[in-house]
Amino acid sequence: MSTNDIIPVQYDPKSIEEKWQKHWLSNATYRASTDSSKKKYYVLEMFPYPSGRIHMGHVRNYSIGDVVARYKRFRGFNVLHPMGWDSFGLPAENAAIKNNSHPARWTYDNIDYMRDQLRKLGLSYDWEREIATCNPKYYKWEQKIFLEMYEKGIVYQKNTRVNWCNSCKTVLANEQVIEGACWRCDELVQPREMNGWFFKITDYAEELLDGLDKLKGWPSKVRTMQRNWIGKSTGLQCDFEIEGSDKKVSIFTTRPDTIFGVTFMSIAAEHPLLDTLLADNPKADEVRSFASRIIAEKQQQSNEDLTEKEGIFTGRYCINPFNGENIPIFVANFVLMGYGTGAVMAVPAHDQRDFEFAKKYDLPITPVVQPEETTLDSLTMEEASTLPGNLIESGSFTGMDSKAAQQAIIDFAKEKNFGDTKITYRLRDWGISRQRYWGAPIPMIHCEKCGAQPVPIQDLPVTLPEDRDSDQNSCAPLHQREAFFETTCPKCGEPARRETDTMDTFVESSWYFARYASPRFTESPLNKEEASHWLPVDQYIGGVEHAILHLLYSRFFTKVLRDLGYIDIDEPFTNLLTQGMVIKDGSKMSKSKGNVVDPSDLISEYGADTTRLFSLFAAPPEKDLEWNAKGVEGCFRFLNRIHRFVQSNKEIILEGGTVPTDQLTAAEKDLHRKTHQTIKRVTDNIEHNFHFNTAISGVMELFNTLSSLAGANQKQPIGSHVIQEAVNSILVLLSPMTPHFCSELWTTIHPDTSIEDQSWPTWDEDAAKEDELTIVIQIQGKVRSRLQVPIDTDDATLEKMALADANAIKFIDGKTIKKVIVVKKKLVNIVV
RNA sequence: GCCCGGAUGGCGGAACUGGUAGACGCAAGGGACUUAAAAUCCCUCGGUCGUGAGGCUGUGCGAGUUCGAUUCUCGCUCCGGGCACCA
């Protein structure tokens with residue numbers, strides 16, 4: 001080989017990526033600071049649990065976020081893009097027990113390893129803001145928020161039935177029970193009576209619901225899920241007197257219009273009135289043993305599967321206040337104590353559950369709402385009718401339509417003082433006590449004399465005991481550690497016991513996004529000035545699996561922090577993108593399925609840029625992404641082609657120059673046009689819906705045009721100015737996706753400048769405009785021919801040309817033309 | 001059971017507010033270069049009939065609206081997700 005041959009520099013991702021990562025780190029390129037001259041943009045991806053290694057789901061999530069962050073920087077925004085660790089949680093304890101180590105040790109080792117993995121992906125984080133929630137400097141502030149919530153009455157403790165996961169040995173919140181099983185380990189949860197601390201999220205139910213309508217930047221799917229979860233229903237709460245007692249049983253119903261159809265009453269087995277009902281009652285023993293059996297069964301069965309309806313007559317009656325009828329009271333297994341009042345007026349004609357129950361125990365069925373077009377007959381009905389209609393057999397309300405009757409009946413009850421409108425939510429208060437070691441201690445002290453007392457603020461943080469020396473106890477829950485719980489009452493000074501439960505780890509993730517605004521602030525959880533500058537998060541990105549859990553809790557916390565005076569916003573995340581899962585061989589990547597692809601392997605084989613590019617190219621972000629090893633190679637090939645092109649045309653590109661738009665050759669014009677079309681397209685794709693897959697294919701098209709016109713096989717010489725324009729555009733458009741690669745090529749063709757300092761390219765509408773169009777000629781809506789016409793051809797000319805077209809004439813063939821439809825810039829349709 | 005999504009070549013996916021279906025990529029086949037291979041480059045690529053020009057057909061299924069439907073309406077099938085005795 002002669003020395004004159006140009007040896008193009010090979011694309012070597014490893015050295016390029018190392019170089020740029022070092023550069024970004026040492027220059028703190030992505031440090032965010034308040035800068036009022038630029039508009040702020042806060043982009044955030046859900047922070048990871050430090051499980052040990054990054055997986056493909058993370059790569060996808062963070063690649064998407066990084067494109068947004070880098071794109072917004074190019075658009076002149078002052079971008080905050082932080083990263084941290086959701087680092088409390090059970091796996092750390094399990095791993096510590098297994099490895100005879102300490103959860104903190106395991107956690108921090110993982111963080112170190114994973115931080116390195118994230119760096120190797122070239123993500124543009126402001127690493128100076130990194131936080132780890134297991135750090136006392138973080139949870140100290142969480143404890144302070146807790147105490148302030150306690151002060152305000154948003155925190156309380158109660159003894160109640162909770163969801164117990166026997167495998168995790170801890171209580172779970174309702175949101176953490178997925179189909180009756182633990183969200184983490186799939187173990188069926190069991191109800192258990194326990195004392196615990198609760199956040200009054202129900203106080204915010206109405207606001208959490210209302211706010212959903214304003215979250216226009218959220219997927220409607222997520223909003224619907226939250227709406228259903230909150231489960232608001234409006235109805236009547238109404239008292240039924242118990243015959244032979246001065247006590248009343250209160251019910252809630254959403255169908256007050258059916259109240260004349262009540263034929264019995266069902267109450268939960270745990271209902272507090274049961275004792276009253278059973279006093280001096282010959283059936284007492286029988287009913288009591290039935291009730292305890294039901295309660296026991298509920299405990300064992302978990303609340304998942306529907307059991308057959310079962311009940312027992314208590315021997316007592318109550319009185320329907322609307323018609324004075326005596327109706328029997330039953331204890332029934334399907335009545336929930338936790339919803340409404342724990343007692344249900346049973347209307348078998350109009351409620352399927354009551355219908356089944358009535359059939360089984362041979363109770364009367366009385367239709368009171370007659371739908372149009374059918375006649376309900378209690379003897380022949382096979383299921384309850386829930387249709388609207390006109391009231392029958394309903395006293396003075398007879399004849400009203402059910403909708404109007406609902407209000408009239410509520411008004412009547414209100415007037416007669418035995419009932420009122422009532423709003424009920426399905427949402428329950430958030431139980432945050434966890435009987436585990438690796439979590440933020442709940443800063444309360446229990447004193448026999450003074451009751452529960454908050455830890456004085458100056459004593460915060462209440463830190464976890466470290467116990468590094470004793471492996472045996474490194475993860476023992478706090479209630480087994482005297483040194484931890486033995487303390488004195490802050491009020492009376494007597495010996496007292498510290499609260500030994502830790503907080504649900506979802507508490508940490510409910511406010512971390514706000515802490516990023518001032519992560520090192522030492523006076524308070526949040527620096528108000530910084531927080532009001534950066535919040536709310538403009539774009540939040542993460543998996544849809546948090547649609548209810550984390551996203552609802554974060555919304556709740558935002559409102560709480562607002563009410564505590566820390567921030568002035570109502571909602572934490574203006575826009576939300578829920579990305580799909582990463583799938584391989586048809587199912588989610590998981591160790592148990594053995595279909596895991598390790599991002600580190602990909603990075604060492606192809607580099608971070610290729611890995612990122614593929615994860616963005618293979619599917620739009622909201623859809624599941626099917627992993628395809630060959631597809632990765634395709635992306636690698638694409639980058640190689642660009643690299644080769646730039647290296648072997650370096651001299652021409654360096655020449656550059658401004659594009660003289662009025663004296664371009666046809667080929668130059670084609671390339672120039674394609675460049676501007678691509679800028680427009682890529683910008684639209686990113687701006688409009690983050691469809692990076694189509695943005696990337698746009699750049700691929702531009703490169704295909706470039707290499708066919710200007711590459712080694714070019715037919716005519718192309719001016720360096722158009723080539724440079726195309727290459728510049730390709731590099732900037734692609735750089736949010738493949739930052740190292742584009743930075744490197746940029747400096748080779750623009751020595752001494754940095755791609756970071758470029759602004760996003762703009763397109764020229766005139767340059768992007770085609771000067772010829774293909775017009776389709778249709779006969780009867782079927783494509784029969786095509787015409788190449790200048791862009792400004794008017795409709796009449798188009799019609800004339802279409803009718804004169806040889807192909808068209810063949811199909812018209814003597815038939816009479818009924819109608820000709822001309823659609824601008826698209827087609828001519830001839831109807832014969 | 002109820003509430004949301006979705007279904008397009010061999011595969012991942014494109015197609016603006018009803019107007020050329022299949023962009024881009026992968027796979028496959030053919031060719032060039034090479035002693036050979038890799039890499040690279042060029043061509044073909046929904047199905048079907050036809051030597052060809054071209055025809056017919058085709059976006060889960062069945063109807064409908066329209067000059068024209070992947071797109072809108074109605075009725076199904078299948079797949080995915082959420083909730084699940086919430087009165």
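Lettering follows sequence order; numbering is per chain, from 1.
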Could you work out the separation of [N] and [M] based on their [atom1] atoms and round it to a whole Å?
N	M	atom1	answer
B:U48	B:G9	P	15 Å
B:C61	B:U8	P	10 Å
B:U20	B:A14	C1'	14 Å
B:G52	B:C45	P	13 Å

remark   = Judged by whether its glycosidic angle lies within 90° of 0, B:G9 is syn
Measure from the side-chain heavy atoms of [X] and tell me the nearest of [options].
X	options	value
A:V335	B:A14, B:A87, B:U40	B:A87
A:E626	B:G12, B:U20, B:C85	B:G12
A:T253	B:A15, B:C86, B:A87	B:A87

Taking only residues two or more places apart in sequence, or in another chain, which ones meet [X] in a side-chain contact (heavy atoms from CB on, under 4.5 Å)?
X	answer
A:D771	A:K669, A:R673
A:E772	A:Q788
A:N704	A:R641

ask   = Checking A:N829 side chain against A:G781 main chain: does a donor-acceptor pair fall under 3.5 Å?
value =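 Checked: pair present.
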request  = Please work out if A:S233 contacts a base, only the sugar-phosphate, or nothing of the nucleic acid, heavy-atom cut-off 4.0 Å.
outcome  = sugar-phosphate
ask   = Reckon A:D684 touches a base, only the sugar-phosphate, or nothing at all at heavy-atom distances under 4.0 Å?
value =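 The residue A:D684 makes no contact with any strand.
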query = Given atom NE2 of A:H643 and atom C1' of B:A39, what is their separation to the nearest angstrom?
reply = 16 Å
query = Expressed in angstrom and rounded to an integer, what is the separation of A:Q647 atom CD from B:U40 atom P?
reply =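 Distance check: A:Q647 CD to B:U40 P gives 17 Å.
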query = For B:C78, which nucleotide is its Watson-Crick or G-U wobble mate, given both distances must be under 3.5 Å?
reply =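 Pair assignment: B:C78 / B:G6.
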N/O to N/O distances under 3.5 Å, protein versus nucleotides 24-26 of chain B:
unit_1: B:G25; atom_1: OP1; unit_2: A:N704; atom_2: ND2; d: 3.3
unit_1: B:C26; atom_1: OP1; unit_2: A:R637; atom_2: NE; d: 3.3
unit_1: B:C26; atom_1: OP1; unit_2: A:R637; atom_2: NH2; d: 2.8

Between the protein and nucleotides 2-9 of chain B, list every N/O to N/O distance that falls short of 3.5 Å.
none

ask   = Quick one: is A:R353 getting a side-chain N or O under 4.0 Å of the B:G1 phosphate, OP1 or OP2?
value = no
ask   = In terms of side-chain geometry, is the basic nitrogen of A:K769 or A:E765 positioned less than 4.0 Å from the acidic oxygen of its partner?
value = no
ask   = Looking at B:C85, does its base get a donor-acceptor pair with the side chain of A:K309 below 3.5 Å?
value =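 Indeed there is one.
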remark   = Going 5' to 3' through nucleotides 49-58 of chain B and flagging B where a protein heavy-atom sits under 4.0 Å of the base, S where only the sugar-phosphate is that close, and - otherwise, we get ------SSS-
request  = Return the orientation label for the A:Y361 and A:F357 ring planes: parallel under 30°, perpendicular over 60°, tilted otherwise.
outcome  = tilted
